[in-house]
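Reading through the structure tokens given below for one structure.
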Amino acid sequence: MIIEEVRLDRLEMPLKHPFETSFGKLMKRDFVVVSATSDGITGYGESTAFPLPFYNEESTETVLYILKELIIPQVLKMEKLEHPEDLVQIFQTVKGHRMSKAALEGAVWDLYCKKKGVSLSKALGGTKTEIDVGVSIGIEPTIEELLDRVGSCINQGYKKIKVKIKPGFDVKPMEAIRERFGMDVPLMADANSAYTLQDVDILKQLDPLKLMMIEQPLAYDDIIDHATLQKELSTPICLDESIHSVEDARKAVEIGATKIINIKVGRVGGLTEAKKIHDYCQSMDIPVWCGGMLESGIGRAHNIAITSLSNFSIPGDTSPSDRYWDQDITDPEVEFYKPGVIKVPEGPGVGYGLNEQAFHDYVVHTDTFTRTKNV
Ligand code: OSB
Ligand code: MG
């Protein structure tokens, strides 16, 4: 396969409801869609970086820079690209910048599968025909508003309720949820690195609430303190930000820093690495689930495909499109086919088409790179 053209579209999609985490508030999604074309067939991938490096080191601008200056010129010179895994030779030339790599790799996976006529789920070794999904609820202005949201999500059938916490908005809201909705709701908290080991007494107060897990309580680049913390808590720790590769996963598991891993395709550099982490965790009896980065339908479709692998045994954050957008950019949009359940598409590639009109309405800038020009 020869990639003849790569296109970068920068999109701005307003969120229906602002999303607040311990690191800040997002009102819209500003991100990059990568399109890769070969023999008239195009595959699509999405970058999950945010406009500013609040979640990890990458940003929309660094993604554009790395793709334009370093990765795309090399991809357009490749003589042989038989499989998306062949991109590793190029990716090795750039340290880090995993979200940039994942966006390009995602487009190539979709293209590769479309050319072969197989679904991305099948190509990755997925076995599930449908996936259970949960919801991630941002920090709400008041506990009452949070309870309303949680109640509405339970009614919609979500299989896991995740709530963002931060210092000053943690034990009380989680207790209020348990009091209102009971101990049987599959409930977890995500701290996005807002605590340190000094806060162990606060975090211990969550133990009686029997949460499924607490996600990334400590620093985004730590695994050591998480291992210390896990010895103090009965609530399982799940790492998100700290895991970038299967090697990170191995080290974190070996030292007892994590009992569950949130796999985000962008954060780990693409589907190939995501699958490696899945396989390693399966061999160690560590369950995984697929996190979200407020993706458009394109990123969501990739998440659905990877979630179809068997060790994604905990519901992920891949909620339907209409939770985020008035109009998503795929056709069809991502929807429940029954409450809390999304069907894994069987069509070639990601199995979702592009809604060209909606897509173009959100585009703010386009760069096109071809094999003969701009290289
Ligand atoms: O930590 O999982 C996270 C959103 C932005 C940044 C980080 C995270 C999140 C979410 C949202 O939890 C998940 C989603 O609904 O896409
Ligand atoms: Mg998280």
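Atoms within each ligand, like the ligands themselves, are counted from 1 in listed order. The figures that follow rest on heavy atoms only: side chains count, while hydrogens, waters and symmetry mates do not.
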Close aromatic pair by centroid cut-off 6.0 Å: His278 and Trp289: no
With a 6.0 Å cut-off on ring centres, are Phe31 and Tyr362 close enough? no
Does a donor on one side chain sit under 3.5 Å from an acceptor on the other, for [X] and [Y]?
X      : Y      : value
Gln282 : Ser310 : yes
Ser22  : Asn192 : no
Thr37  : Thr42  : yes
Asp240 : Tyr55  : yes
Thr93  : Gln74  : yes
Asp190 : Gln216 : no
His17  : Arg149 : yes
Glu232 : Thr228 : no

Select one of side chain, backbone, both or neither to describe which atoms of Arg323 lie under 4.0 Å from any atom of ligand 1, heavy atoms only. neither
Give the contacting part of Leu26 toward ligand 1: side chain, backbone, both or neither, where contact means a heavy-atom distance below 4.0 Å. neither
Numbering the atoms of ligand 1 from 1, which are under 4.0 Å from a heavy atom of [X]?
X      : result
Tyr55  : 7 (C)
Asp240 : 1 (O), 2 (O), 3 (C)
Phe23  : 6 (C)
Phe50  : 5 (C), 6 (C)

Taking 2.8 Å as the cut-off, does an N/O/S atom of Asp190 lie below it from the Mg ion (ligand 2)? yes
May I ask you to decide if Leu239's main-chain N or O and Thr258's side chain share a donor-acceptor pair within less than 3.5 Å? yes
Look at [atom] and say which protein heavy atom is nearest, naming residue and atom and giving the distance to 0.1 Å.
atom                    : value
atom 15 (O) of ligand 1 : Tyr324 OH, 2.6 Å
atom 9 (C) of ligand 1  : Lys164 NZ, 3.5 Å
atom 13 (C) of ligand 1 : Gly292 O, 3.4 Å
atom 4 (C) of ligand 1  : Phe19 CE2, 3.6 Å
atom 16 (O) of ligand 1 : Leu294 N, 2.8 Å
atom 1 (O) of ligand 1  : Asn192 ND2, 2.7 Å

Option of least heavy-atom distance to atom 7 (C) of ligand 1 (set: Arg267, Arg29, Lys264, Arg300): Lys264
Please check whether Glu241 reaches ligand 1 - meaning an N/O of the residue sits under 3.5 Å from an N/O of the ligand, judged on distance alone. no
Does Lys162 reach ligand 1, in the sense of a heavy atom lying below 4.0 Å from it? yes
Quick one: angle Glu215 OE2 - the Mg ion (ligand 2) - Asp240 OD2, to the nearest 10°? 90°
